[in-house]
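For reference, the structure I am asking about is given below.
Protein chains get the first letters and strands the later ones, always in sequence-line order, with residue 1 at the start of each. Because only heavy atoms are used, hydrogens play no part in the values below, and waters and symmetry mates are left out as well, while side chains stay in.
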Number of protein chains: 2
Amino acid sequence: MQVTKTLDYAVRSLTYIGHEPIVKHSMKEISEHQHIPLNYLAKIMRRLVKKGIVRSMVGPYGGYTLRKAPGDISLRDIYEAIEGEIRIVDCMDGNGICQLHEACPQLPVWDRVQLSMVKILEETTLEQMLSDRGIRGFTRVN
Amino acid sequence: MQVTKTLDYAVRSLTYIGHEPIVKHSMKEISEHQHIPLNYLAKIMRRLVKKGIVRSMVGPYGGYTLRKAPGDISLRDIYEAIEGEIRIVDCMDGNGICQLHEACPQLPVWDRVQLSMVKILEETTLEQMLSDRGIRGFTRVN
DNA sequence: CTCTTTATGGATATCATGTATCCAGAATAT
DNA sequence: ATATTCTGGATACATGATATCCATAAAGAG
């Protein structure tokens, strides 16, 4: 139940690019400024490209730019590009049927949790994150 | 960002016990009815005991019963007994300071997600889960 | 007291997955 | 042509979730 480092990398890369949406930003540049391992970043960017979140240009002075307006990129988009479909419980077989042949008392709760999470992720756009001044590394745990 | 099997085991064990709160239920019994590896279940029960969620009795006819009323056991209690303090982002050093010396645009969102999640987990008690008829293994992913 | 049942505690193994690295190749600007 | 940068695949590494084993202690039954 944790945000993966990979997703964090992705969001950081996108906010970095989003600050200068016109300019092309190379992986090398992003990697250095955001302290993300270059080769690993490559994997991440690939997924963002495939999902149509960023555009890539090869060659000298190549790099990445956003493909959509920051207001049109939701955190949900980013999440799903990186992690795939959101599914906080994984208790079903291929047919979506619970292995236990009994009623499952937990599902309703997890469902609620997931729905509320998806809602927040969906409402939050890259634009919002960019304008959020962002409290300097501090968060309540509770 | 997934509910672990271990937490699932814990909840299933507790709902199982909760159905007959008076009776003592041995690990063997729980293990068999809920299809949970016996030795692994031992570890799980230990944590629930330590957190005061269940009471254990050793010896023949020993086993576990709830230590509190189902209405006084929240899913948050269970979650924290199993996984420890809830913290969906883990982006700080030991002093709670973000490694990056820049403002972090993501924290506010994850904070909101976590808060909403904690709220739901807190509001949901074992009693509720027990009375929830529980849709037979099926959930919307969205 | 002895025997059986059951939980406890620690050590360790297994496995999955997140994270990271390496490299050869294709695209493209100068 | 050459240097730059992304692409794609293969593979290694690290961590933590999951599982197994066993020796011990507690406690009820005879």
Side-chain angles (χ1 to χ4, degrees), chain A residues 1-13 17 23-65 67 79 81-84 87-91 99, chain B residues 1-13 17 23-67 79 81-85 87-91 99:
Chain A
M1 216 50 170
Q2 289 227 168
V3 176
T4 63
K5 220 166 178 176
T6 311
L7 178 55
D8 177 57
Y9 287 163
V11 177
R12 284 192 355 228
S13 300
I17 297 173
V23 191
K24 278 172 279 184
H25 301 274
S26 72
M27 279 202 311
K28 189 150 166 283
E29 181 195 346
I30 301 172
S31 162
E32 281 166 3
H33 280 80
Q34 295 292 320
H35 311 96
I36 302 171
L38 181 62
N39 303 288
Y40 193 50
L41 180 57
K43 306 303 176 197
I44 295 172
M45 294 315 287
R46 207 76 269 288
R47 298 189 229 178
L48 298 178
V49 168
K50 281 187 180 159
K51 285 293 184 174
I53 295 175
V54 300
R55 180 200 321 276
S56 67
M57 286 93 137
V58 184
Y61 295 89
Y64 300 90
T65 65
R67 186 156 201 141
Y79 187 114
I82 298 301
E83 315 265 10
R87 178 180 300 194
I88 71 169
V89 273
D90 183 29
C91 60
Q99 314 277 24
Chain B
M1 214 49 170
Q2 289 228 166
V3 176
T4 64
K5 220 167 179 175
T6 310
L7 178 55
D8 178 57
Y9 287 163
V11 177
R12 288 199 344 236
S13 300
I17 297 173
V23 190
K24 277 173 280 184
H25 302 275
S26 71
M27 280 202 310
K28 189 150 166 284
E29 181 194 346
I30 301 172
S31 162
E32 281 166 4
H33 281 80
Q34 294 293 321
H35 312 95
I36 301 170
L38 181 62
N39 303 288
Y40 193 49
L41 180 57
K43 306 302 176 196
I44 295 171
M45 294 315 287
R46 207 75 267 290
R47 299 189 227 177
L48 297 178
V49 169
K50 281 188 182 160
K51 284 293 184 174
I53 295 176
V54 300
R55 180 199 323 276
S56 68
M57 287 91 139
V58 184
Y61 296 89
Y64 300 90
T65 65
L66 296 185
R67 185 155 202 141
Y79 188 114
I82 299 301
E83 315 266 11
E85 186 191 34
R87 179 179 301 192
I88 72 170
V89 275
D90 183 29
C91 59
Q99 315 278 21

Mind listing the N/O atom pairs, protein and nucleotides 7-11 of chain D, below 3.5 Å?
| unit_1 | atom_1 | unit_2 | atom_2 | d |
| --- | --- | --- | --- | --- |
| D/dT7 | OP1 | A/R46 | NH2 | 3.0 |
| D/dT7 | OP1 | A/S56 | OG | 2.5 |
| D/dT7 | OP2 | A/R46 | NE | 3.3 |
| D/dT7 | OP2 | A/Y64 | OH | 2.9 |
| D/dG8 | OP2 | A/R46 | NH1 | 2.2 |
| D/dG9 | N7 | A/K43 | NZ | 3.0 |
| D/dG9 | O6 | A/K43 | NZ | 2.5 |

Could you grab the distance from atom NZ of B/K24 to atom CD of B/E29, nearest 0.5 Å is fine?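 It comes to 12.0 Å.
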Taking atom types as modelled, is there a side-chain donor on A/T4 or A/Y9 under 3.5 Å from an acceptor on the other?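 Note: A/T4 and A/Y9 side chains miss the donor-acceptor criterion.
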First of A/V3 and B/G59 reached from the 5' end of DNA chain C, by closest nucleotide: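 Closest to the 5' end, via its nearest nucleotide, is B/G59.
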Distance in angstrom units between B/L48 CG and C/dT8 C1', rounded: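 After rounding, the reported distance stands at 14 Å.
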Could you tell me whether the phosphate oxygens of D/dT18, OP1 or OP2, come under 4.0 Å of any side-chain nitrogen or oxygen in B/T6?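 Result: yes.
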Any side-chain N or O of B/Y40 below 4.0 angstrom from OP1/OP2 of D/dC21?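 Looking at the OP1 and OP2 atoms of D/dC21, neither is under 4.0 Å from any side-chain N or O of B/Y40.
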Given D/dC6, is OP1 or OP2 found less than 4.0 Å from the side-chain N or O atoms of A/K24?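 A/K24 to D/dC6 OP1/OP2: no side-chain N or O under 4.0 Å.
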Going by distance alone, is a donor N or O of one side chain under 3.5 Å from an acceptor N or O of the other, for B/Y40 and B/T6?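 Side chains of B/Y40 and B/T6: pair found under 3.5 Å.
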Taking the side chain as every heavy atom from C-beta outward, state whether B/I30 and B/L38 have any atom pair closer than 4.5 Å.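 They are not in side-chain contact.
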Is there a side-chain polar atom (N or O) of B/Y61 under 4.0 Å from OP1 or OP2 of C/dT4?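 For C/dT4, OP1/OP2 do not have a side-chain N/O of B/Y61 under 4.0 Å.
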Can you tell if the side chain of A/I36 reaches within under 4.5 Å of the side chain of A/M45, non-hydrogen atoms only?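 A side-chain contact is absent here, since even the closest heavy-atom pair is not under 4.5 Å.
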Within the 4.5 Å heavy-atom criterion, are B/M1 and A/E83 side-chain neighbours or not?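 Contact flag for B/M1/A/E83 side chains = no.
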